[in-house]
Amino acid sequence: MFETIFSEIHQRNPETYLIGIWGRDGLELEKSTYLPSGIDLDLLGAELADVLAKLDHLEVTGADICIEYISGQFKIFVYSLNAGYFLLLVSNKNQITGKLKFFLNLKKDQILSLL
């Protein structure tokens, strides 16, 4: 459903390892991975579990909220879509935040139309 949008985000931000949409209930709606060789999938999974657990205590609204979290070799972004869903993106630490946020803002309406 979101594969084309995720692919466009990755093409403009090649530092991206994972893009996905999750519900506030913690359930994954859809995700795509773009893992280069040498990335430890178990470590990435542990980081995602940690972030999702922390989001359980955070009120993510429809406002344009982007939370950036750096942990180990990853930069993790949580981008609110609406009161029910958020986009989670994992990249390397060289990801340029402003460039990513600009492109996510361009794609937000297209993503919301599919929810």
Side-chain angles (χ1 to χ4, degrees):
M1 179 163 55
F2 298 99
E3 184 178 338
T4 302
I5 297 169
F6 291 167
S7 179
E8 290 173 9
I9 293 169
H10 180 256
Q11 287 173 3
R12 297 286 183 118
N13 298 277
E15 303 86 357
T16 302
Y17 298 150
L18 179 140
I19 307 169
I21 296 177
W22 271 260
R24 279 285 294 138
D25 56 7
L27 296 177
E28 171 193 319
L29 186 58
E30 185 175 339
K31 75 171 183 255
S32 292
T33 57
Y34 309 94
L35 296 174
S37 61
I39 295 297
D40 184 346
L41 192 57
D42 291 332
L43 177 60
L44 179 58
E47 290 292 338
L48 289 176
D50 181 53
V51 169
L52 290 173
K54 289 176 181 172
L55 286 175
D56 190 40
H57 303 291
L58 183 66
E59 185 65 31
V60 180
T61 66
D64 288 334
I65 296 171
C66 183
I67 299 166
E68 180 178 332
Y69 173 74
I70 297 175
S71 177
Q73 61 184 351
F74 303 113
K75 188 181 277 191
I76 301 168
F77 296 90
V78 179
Y79 182 78
S80 65
L81 297 169
N82 59 29
Y85 295 94
F86 61 91
L87 184 139
L88 185 67
L89 188 140
V90 179
S91 68
N92 72 34
K93 292 196 289 188
N94 296 323
Q95 174 69 58
I96 300 170
T97 303
K99 177 183 167 191
L100 175 64
K101 285 174 66 175
F102 175 79
F103 201 70
L104 291 176
N105 284 332
L106 289 178
K107 293 296 180 181
K108 185 173 183 176
D109 287 340
Q110 190 176 1
I111 291 170
L112 288 174
S113 72
L114 296 173
L115 288 176

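One is the number of the first residue; the rest follow in order along the sequence. Small disclaimer: the values here were computed from a predicted structure and weren't measured.
Between Gln95 and Thr16, the shortest heavy-atom contact is OE1-OG1, 3.8 Å. In this structure, Leu81 and Lys108 approach most closely via the heavy-atom pair O-CE, 3.3 Å. Nearest approach of Ile19 to His10, heavy atoms of both residues: CD1-N, 4.1 Å. The two residues Gln110 and Glu8 make their nearest non-hydrogen contact at OE1-OE1, 4.5 Å. The heavy-atom pair separating Lys107 from Ile9 by the smallest distance is CG-CG1, 4.4 Å. The minimum heavy-atom distance between Ser91 and Phe77, with the atom names listed, is OG-CE1, 3.8 Å.
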Start with the C-alpha gap between Tyr85 and Leu112, add the side-chain angles, then the distance that decides, and say whether side chain to side chain contact (heavy atoms under 4.5 Å, CB included) holds.
CA-CA 9 Å; Tyr85 295 94; Leu112 288 174; over 6 Å; no
Evaluate Tyr79 against Leu89 for side chain to side chain contact (heavy atoms under 4.5 Å, CB included), listing each step before the verdict.
CA-CA 8 Å; Tyr79 182 78; Leu89 188 140; over 6 Å; no
Please determine whether side chain to side chain contact (heavy atoms under 4.5 Å, CB included) holds for the pair Tyr69 and Val78, giving the CA-CA distance in whole Å, both sets of side-chain angles, and the decisive distance to 0.1 Å.
CA-CA 8 Å; Tyr69 173 74; Val78 179; over 6 Å; no
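The aromatic rings of Trp22 and Phe86 lie parallel to each other, with less than 30° between the two planes, well short of the 60° mark.
Atom CD1 of residue Ile76 and atom CD1 of residue Ile70 lie 9.5 Å apart, to the nearest 0.5 angstrom. Within the model, atoms OG1 of Thr97 and CG of Leu104 stand 10.5 Å from one another, a figure rounded to the nearest 0.5 Å. A distance of 9.5 Å separates CD1 in Ile5 from CG in Leu87, rounded to the nearest 0.5 Å. With values rounded to the nearest 0.5 angstrom, Lys31 atom NZ is found 6.5 Å from Leu18 atom CG.
For the pair Lys75 and Glu15, the minimum side-chain heavy-atom distance is 4.5 Å or more. Counting only heavy atoms from C-beta outward, the side chains of Tyr17 and Asn92 approach each other to under 4.5 Å.
A donor-acceptor pair under 3.5 Å links the side-chain atoms of Lys99 to the main chain of Arg12, judged by distance alone.
Tyr34 and Asn13 share no side-chain donor-acceptor pair at under 3.5 Å.
Note: the hydrophobic cluster containing Ile96 does not contain Phe102 (ILVMFWY, side chain heavy atoms under 4.5 Å, direct or indirect links).
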